Amino acid sequence: MSSTQPPSSSPSSKKQTLFITSLVVLWYSSNIGVLLLNKYLLSNYGFKFPIFLTMCHMSACAFLSYISIVFMKLVPLQPIKSRPQLLKIATLSVVFCCSVVGGNISLRYLPVSFNQAVGATTPFFTALFAYLMTFKREAWVTYGALVPVVAGVVIASGGEPGFHWFGFIMCISATAARAFKSVLQGILLSSEGWTMRGSSHFGFNQREKLNSMNLLLYMSPIAVLVLVPAALVMEPNVLEVTLSLGRQHRYMWLLLLVNSTMAYSANLSNFLVTKHTSALTLQVLGNAKGAVAVVISILLFRNPVTVVGIAGYTMTVLGVVAYGEAKRRFR
């Protein structure tokens, strides 16, 4: 008699599900953790140096990327092929620095919940820059879904008790820079790399394709080189105050180390989740991550929220969901 055996794929399927679940948990905890630690250091801890903090993040990313790729061989090392490619990576690195520094500055003046509401408008700026840079058009229905994204932030701004104009401008600037960076990165990570042809035209070269982990490996040291002089000029007493805080608070250096390591972990886990899930799954998880970050930040920092602010943020999130669905259906 032949006994019925369970499908051989069942154990591997469970392992795959557990693996992806672990990646998502790591992605959520790293992203939300670094966001909350940034807020705590910059607003509640007296460490008011967003440029230096970003430099610590980029230093950790440079070191840990090198370890992950060269020694642990998580992905193959991809060398830089040409000077124009290096120039594009350097440009991307500077834009990335601007987005992270702007976001960190905004956390000094705005609560995390409102910071995340403004950050949810990234699809609006991404669609704008994608059209301006690549002439990529979406269906009018898709663009129409962006209306509640922007309207929600306008409503949330009017109902935000802790609204601060400078913080809002920095947050909007950081969001726009993040969107600009994602469009540039999409070009660099596509199957057809972006190359200069002549003085004002662009062509494509598949040999210059980079995965996001190698891109981070090359971007991070360039970012550090940009941020070191910026911190010394714009935050001249950063070393003195940091050393003083380190003497006063025994966990100061540990917080900086954990915060910087989480910044790399957020990039690594984002790469792995992107690799092992679909684009739609990533988008849904990303929308949920923002909502989770808002709830946790309100519980931790107890910043006041209003019904109008919650309604505005909800409208923005629903607009982002509608935009993603419209983009998928009317591609």
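Model, not experiment: these values are computed from the prediction. All residue numbers refer to positions in the sequence shown, counting from 1.
Listed for the Ser182 side chain is a donor-acceptor partner under 3.5 Å among the backbone atoms of Ala179. Counting only distance, with no hydrogens or angles, the side chain of Ser43 and the backbone of Tyr40 share no donor-acceptor pair below 3.5 Å. Remark: side-chain polar atoms of Asn31 are paired, donor with acceptor, to backbone N or O of Trp27 under 3.5 angstrom. Looking only at distances, a side-chain donor or acceptor of Thr261 sits under 3.5 Å from a matching main-chain atom of Leu257. Distance alone, capped at 3.5 Å, is enough to place a donor-acceptor pair between the Asn38 side chain and the Val34 backbone. Side-chain N or O atoms of Ser65 include none that pairs as donor or acceptor with a backbone N or O of Ala62 at under 3.5 Å. Side-chain atoms of His164 come within 3.5 Å of backbone N or O of Phe166 as a donor-acceptor pair. A side-chain donor-acceptor contact under 3.5 Å links Asn214 to the backbone of Gln78.
Of the inter-residue distances, the one linking Ser93 atom OG with Lys181 atom NZ reads 10.0 Å to the nearest 0.5 angstrom. Here the straight-line distance linking atom OG1 of Thr316 with atom CG of Leu146 works out to 11.0 Å at 0.5 Å rounding. Here CZ of Phe96 is found 12.5 Å from CD1 of Ile222. Values are rounded to the nearest 0.5 Å. To the nearest 0.5 Å, atoms CG (Leu217) and CD1 (Ile69) are separated by 4.5 Å. With values rounded to the nearest 0.5 angstrom, Arg247 atom CZ is found 11.5 Å from Met252 atom CE. Here the CG atom belonging to Asn259 is positioned 11.0 Å from the CG atom belonging to Leu254, to the nearest 0.5 angstrom.
For the residue pair Ser220 and Tyr264, no side-chain donor N or O sits within less than 3.5 Å of a side-chain acceptor on the partner.
In the displayed structure, Phe129 atom CZ is contacted under 6.0 Å by more than 12 heavy atoms of other residues, nucleotides or ligands.
For the side-chain hydrogen bond (donor to acceptor under 3.5 Å, both in side chains) condition, the pairs that include at least one residue of residues 107-117, sequence neighbours left out, are Ser106-Asn115, Ser113-Asn303. Among residues at least two apart or in separate chains, side-chain hydrogen bond (donor to acceptor under 3.5 Å, both in side chains) pairs with a member in residues 233-245 are Ser244-Gln248. Each ring-ring contact (aromatic ring centres under 6.0 Å, His included) pair with one or both residues in residues 68-90, not counting sequence neighbours, appears once here: Tyr66-Phe71.
Closest approach of Val226 and Val94 over heavy atoms only: CG2-CG2, 4.2 Å. Across Pro50 and Asn104, no two heavy atoms sit closer than the pair CB-CB, 3.7 Å. The two residues Gly119 and Thr175 make their nearest non-hydrogen contact at CA-OG1, 3.7 Å. The nearest pair of heavy atoms linking Leu215 to Ile89 is CD1-CG1, 4.0 Å.
In this structure, the side chain to side chain contact (heavy atoms under 4.5 Å, CB included) partners of Ser265, at least two apart in sequence or on a different chain, are Leu26, Ser30. Among residues two or more places apart in sequence or in another chain, the ring pair (Phe, Tyr, Trp, His ring centres under 6.0 Å) test is passed with Phe47 by Phe49. Under the side chain to side chain contact (heavy atoms under 4.5 Å, CB included) criterion, Pro161 pairs with Pro304, Thr306, not counting sequence neighbours. For the ring pair (Phe, Tyr, Trp, His ring centres under 6.0 Å) test, no residue two or more places apart in sequence or in another chain qualifies with Tyr218. The ring pair (Phe, Tyr, Trp, His ring centres under 6.0 Å) search around Phe19 returns His276, not counting sequence neighbours. Among residues two or more places apart in sequence or in another chain, the side chain to side chain contact (heavy atoms under 4.5 Å, CB included) test is passed with Ser173 by Ile169. Here Ile155 pairs with Val308, Met315 under the side chain to side chain contact (heavy atoms under 4.5 Å, CB included) rule; sequence neighbours left out. In this view, Phe168 and Phe163, Trp165 satisfy the ring pair (Phe, Tyr, Trp, His ring centres under 6.0 Å) rule, not counting sequence neighbours.
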Review item, side-chain donor-acceptor pairs of residues 289-302, under 3.5 Å, at least two apart:
residue: Ser297; atom: OG; partner: Ala293; partner atom: O; Å: 3.2
residue: Ser297; atom: OG; partner: Val294; partner atom: O; Å: 2.8

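Both Met234 and Val238 belong to a common hydrophobic cluster when Ile, Leu, Val, Met, Phe, Trp and Tyr are linked at side-chain heavy-atom distances under 4.5 angstrom. Hydrophobic clustering (side-chain heavy atoms under 4.5 Å, transitive across Ile, Leu, Val, Met, Phe, Trp, Tyr) groups Leu35 together with Leu268.
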